Number of protein chains: 2
Amino acid sequence: MRPLNTKSKEEILTIAIPLFAGSGYSGVSMRAIALKVGVSAAALYHHFPDKQTLYLAAMAQAFVDKADSLEEILSSRVAPEKRLAQFITCLCELVHKDNDFSMLIQREMMDGDESRLQLLASEVYHSLFQGVTELCQELDPKHDPYLLAISIIGSVMYHFQTAAIRPYLPHSKEQHSDPQVVARHVTNFVLQGLKTG
Amino acid sequence: MRPLNTKSKEEILTIAIPLFAGSGYSGVSMRAIALKVGVSAAALYHHFPDKQTLYLAAMAQAFVDKADSLEEILSSRVAPEKRLAQFITCLCELVHKDNDFSMLIQREMMDGDESRLQLLASEVYHSLFQGVTELCQELDPKHDPYLLAISIIGSVMYHFQTAAIRPYLPHSKEQHSDPQVVARHVTNFVLQGLKTG
DNA sequence: AATAATTAACTTAACGTTCGTTTAACGTAG
DNA sequence: CTACGTTAAACGAACGTTAAGTTAATTATT
């Protein structure tokens with residue numbers, strides 16, 4: 001059925017994902033993808049009708065199932081404080097391990113049109129966000145759950161968004177790139193704020 | 001001295017900035033810039049030797065003096081809690097008003113090479129970050145000042161980074177795009193955390 | 001079981017377009 | 001006249017994409 005040298009759609013997308021994550025849609029040419037895959041550029045058109053379709057398929061594959069471990073934590077029945085700590089730790093490890101994932105999310109939020117934002121929302125954010133807002137309401141019903149959820153997620157994500165510029169900032173140390181160190185700090189920060197217990 | 005149709009370097013950069021902010025370096029062609037400016041593409045090469053130089057000049061102009069109002073607040077002598085509230089409010093208004101600014105920062109942190117990250121750090125982050133870390137140490141010396149500063153800035157920035165996807169998220173309301181609403185929430189969040197003091 | 005037809009996955013070559021950039025010529029202000 | 005800011009035109013390279021032909025595996029036919 002399939003010759004040994006044949007590349008499947010999934011293989012192509014798996015190779016395209018880090019390329020798009022690193023250079024964005026217009027920064028990656030069909031020829032560049034083909035080169036990495038090890039086929040001619042024309043071969044890509046056997047699997048995808050055009051570049052946009054290939055890109056959208058790559059996004060769909062990059063996003064699918066990524067938030068599963070987070071949702072599992074959010075739907076567990078442990079105490080809210082502990083659930084929050086587990087969520088933050090898991091999110092830290094996810095974005096630290098899979099840098100492409102967070103880069104793609106960032107690029108999509110900047111460049112995505114309406115339909116692409118809807119894909120991102122339904123595939124990544126929606127169920128995750130639902131869980132976080134529910135957790136927020138358990139933790140402190142006085143806060144606006146939307147605003148609180150964004151603040152919490154943002155205070156995690158920004159540590160990894162700024163990773164590239166960290167070497168040039170004052171007070172930065174090597175340990176600040178350790179997801180466990182970040183997780184411990186953010187958990188503490190979110191739960192206690194600056195109120196010195 | 002200067003013919004009426006002549007465009008100065010600054011005028012070109014002022015027009016190029018929102019283009020680069022919206023589509024990134026590889027998403028904006030010299031011809032697209034020239035069209036918006038109202039000159040031929042060749043004319044741009046009278047002012048800048050190549051696209052990269054034009055881009056770097058645009059970044060330098062986009063970043064210069066942006067953080068001034070923030071630094072002013074950070075170096076004032078009001079009480080730390082009040083200074084934090086003013087800083088957060090000012091940052092919210094800055095990134096809300098000048099969307100190009102935060103988009104460019106985001107893109108530079110993702111795409112910038114070493115020298116561009118250094119420009120970003122020295123022109124935008126460094127003095128600002130120094131002020132925030134000092135404020136953090138006044139507020140709560142027990143926290144790591146670097147981690148705390150990133151968490152605070154991130155919990156502000158993420159509200160505006162996620163603005164495009166907000167309509168597709170649960171619990172979102174129109175008021176969540178109001179920088180004053182965000183500022184009030186984040187200030188409260190940072191100072192009190194989730195301890196329902 | 002051997003052979004013919006079909007199909008999927010690929011190739012090379014080329015299409016027209018757009019890219020960054022260069023060149024040469026032109027007008028205008030000092 | 002000179003210097004500056006511009007223009008139209010063109011350069012080669014790279015872009016997304018298409019067309020036609022090749023190979024190898026599957027299916028159908030005898």
Side-chain angles (χ1 to χ4, degrees), chain A residues 1-62 104 107-108 111-113 115-116, chain B residues 1-62 104 107-108 111-113 115-116:
Chain A
M1 180 74 81
R2 189 150 73 84
L4 287 172
N5 276 351
T6 289
K7 309 289 176 180
S8 72
K9 282 195 179 191
E10 282 193 11
E11 284 178 273
I12 294 171
L13 296 179
T14 302
I15 289 169
I17 285 169
L19 293 177
F20 282 127
S23 305
Y25 180 82
S26 58
V28 179
S29 69
M30 293 295 272
R31 283 172 176 84
I33 298 170
L35 186 70
K36 271 266 185 189
V37 174
V39 297
S40 71
L44 300 178
Y45 288 87
H46 180 77
H47 300 276
F48 307 95
D50 51 36
K51 186 184 178 184
Q52 265 214 55
T53 306
L54 192 161
Y55 177 77
L56 289 175
M59 291 307 104
Q61 174 163 320
L104 287 177
R107 291 197 192 277
E108 282 297 284
D111 303 335
D113 57 18
S115 67
R116 274 160 58 189
Chain B
M1 180 74 82
R2 188 148 71 85
L4 287 173
N5 275 353
T6 290
K7 307 290 177 180
S8 73
K9 282 194 180 192
E10 282 194 10
E11 285 177 272
I12 293 171
L13 296 180
T14 302
I15 289 168
I17 285 169
L19 292 178
F20 283 127
S23 305
Y25 179 81
S26 58
V28 179
S29 69
M30 294 296 272
R31 284 171 175 85
I33 298 170
L35 187 71
K36 269 267 184 190
V37 174
V39 296
S40 71
L44 300 179
Y45 287 87
H46 180 75
H47 300 277
F48 306 95
D50 52 35
K51 186 185 179 183
Q52 264 214 56
T53 307
L54 193 161
Y55 177 77
L56 289 175
M59 292 306 103
Q61 174 163 319
L104 286 177
R107 291 197 192 277
E108 282 296 284
D111 304 335
D113 57 18
S115 67
R116 274 158 61 187

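We name chains A, B, ... by the order of the sequence lines, and we start the count at 1 in each one. Given the structure is predicted, the values throughout are model-derived calculations rather than measurements.
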Between [X] and [N], is there a side-chain N or O to OP1/OP2 distance below 4.0 Å?
| X | N | value |
| --- | --- | --- |
| A/H47 | C/dA8 | no |
| A/S29 | D/dC15 | yes |
| B/H46 | D/dT7 | no |

Whole-Å distance between [N] [atom2] and [X] [atom1]?
| X | N | atom1 | atom2 | value |
| --- | --- | --- | --- | --- |
| A/R31 | C/dT12 | CZ | P | 13 Å |
| A/I33 | D/dT17 | CD1 | C1' | 14 Å |
| B/L54 | C/dT21 | CG | C1' | 13 Å |
| B/E11 | D/dT6 | CD | P | 9 Å |
| A/L44 | C/dA8 | CG | P | 18 Å |
| B/K51 | D/dA13 | NZ | C1' | 14 Å |
| A/Y45 | C/dC10 | OH | C1' | 16 Å |

Hey, does [Y] have a side-chain heavy atom less than 4.5 Å from the side chain of [X]?
| X | Y | value |
| --- | --- | --- |
| B/F48 | B/L13 | yes |
| A/R116 | A/M59 | no |
| A/V37 | A/E11 | no |

From the options [options], select the nucleotide whose nearest atom is closest to the side chain of [X].
| X | options | result |
| --- | --- | --- |
| B/A42 | C/dT22, D/dA10, D/dT17 | C/dT22 |
| B/M30 | D/dT7, C/dG20, C/dT12 | C/dG20 |
| A/S40 | D/dT17, C/dT11, C/dT22 | C/dT11 |

*B/K36 pairs by side chain to side chain contact (heavy atoms under 4.5 Å, CB included) with which of B/I12, B/I15, B/V28?*
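Testing B/K36 for a side chain to side chain contact (heavy atoms under 4.5 Å, CB included) against B/I12, B/I15, B/V28 leaves exactly one candidate, B/I15.
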_Quick check: closest heavy atoms across A/I33 and A/A16, and the distance to 0.1 Å?_
CG2-CB, 4.2 Å
*Hey, does B/V28 reach any base, or is it just sugar-phosphate, or nothing, if we go heavy atoms under 4.0 Å?*
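Result for B/V28 = sugar-phosphate.
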